[in-house]
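Keep in mind the model is a prediction, meaning the values are calculated, not measured. So you know, we letter chains A, B, ... as the sequences are listed, proteins then strands, and number each from 1.
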2 protein chains.
Amino acid sequence: MYIPTLDAALVGKVIAYYRMKSGVSQEVLSGLADIGRSHLSAIERGKRKPTLETLYRICTALNIKMSTVIQKLEEELEMQ
Amino acid sequence: MYIPTLDAALVGKVIAYYRMKSGVSQEVLSGLADIGRSHLSAIERGKRKPTLETLYRICTALNIKMSTVIQKLEEELEMQ
DNA sequence: CTGTAGACTATGGTCGACA
DNA sequence: CTGTCGACCATAGTCTACA
């Protein structure tokens, strides 16, 4: 069973979408979620994939559910 | 804004739940998901937290959606 | 405000062996 | 079948600085 790797660009796209929807900058979000700003930048650009922990912190800071973000991600994945 | 760390034990509990529901051993699942068995063992016991990538591989191998697992996790988190 | 880069640290992940 | 350990390697994540 071959499983393709998770598309980092899609993950970043979805996270950026919800951040912008909340109208907050990377700077502010990274501060709220307590993660490095340059790292958040890398995640949104698909240069890095977050751990579940990091996704959790981002979602909590944005006051949205992880499942909401994951569902959006799954929709994007299906479109590929 | 203080965000508590994600409870690794809960994450492991949920993953173990869905693995057992599928009736597959850690050995088989780690093989299907192409991740190390000792690492899967550590995740289920809450000794380590997976990356989004790893969760994705596990869910794909179990033929379930990540969002399903995340929702279950969120239910558990709310109960705490 | 965001992208990038470098240097570094922490931890996720692999593999083999054994209870 | 699962837990654990040790040695390693890979990459997530931090921080500073500058375009």
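What you find for A:Gly46 and A:Ala8 is that their closest heavy atoms are O-CB, 3.4 Å. Here the closest non-hydrogen pair linking B:Thr5 and B:Lys49 is CB-NZ, 4.0 Å. When every heavy atom of B:Val69 is checked against every heavy atom of B:Cys59, the shortest pair comes out as CG2-SG, 3.7 Å.
Separating the CG atom of B:Leu6 from the P atom of D:dA12 is a distance of 17 Å, rounded to the nearest angstrom. With rounding to whole Å, B:Ile3 atom CD1 is found 15 Å from D:dG13 atom C1'.
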| query | What's the verdict on side-chain contact (heavy atoms from CB on, under 4.5 Å) for B:Ile70 and B:Leu55, showing C-alpha distance, side-chain angles and the deciding distance? | reply | CA-CA 10 Å; B:Ile70 296 295; B:Leu55 180 66; 3.8 Å; yes
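The hydrophobic clustering, which links ILVMFWY residues whose side-chain heavy atoms are closer than 4.5 Å, places B:Met20 and B:Ile43 apart.
Interface residues of residues 11-18 of chain A facing DNA chain D, ordered by number: none; criterion, heavy-atom separation under 4.0 Å. Proximity of residues 20-28 of chain A to DNA chain C (heavy atom under 4.0 angstrom from any strand atom) is restricted to A:Ser25, A:Gln26, A:Glu27.
A:Glu74 places a side-chain N or O within 3.5 Å of a backbone atom of B:Ser67 that can act as its donor or acceptor partner. Side-chain atoms of B:Arg37 do not come within 3.5 Å of backbone N or O of B:Gly31 as any donor-acceptor pair.
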| Under 4.0 Å protein heavy-atom contact, by nucleotide of nucleotides 10-16 of chain C - B base, S sugar-phosphate only | --SBBBB
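At the heavy-atom level, A:Arg57 lies nowhere under 4.0 Å from the strands shown.
Side-chain contact, B:Thr54 with B:Thr51: a donor N or O sits under 3.5 Å from an acceptor N or O.
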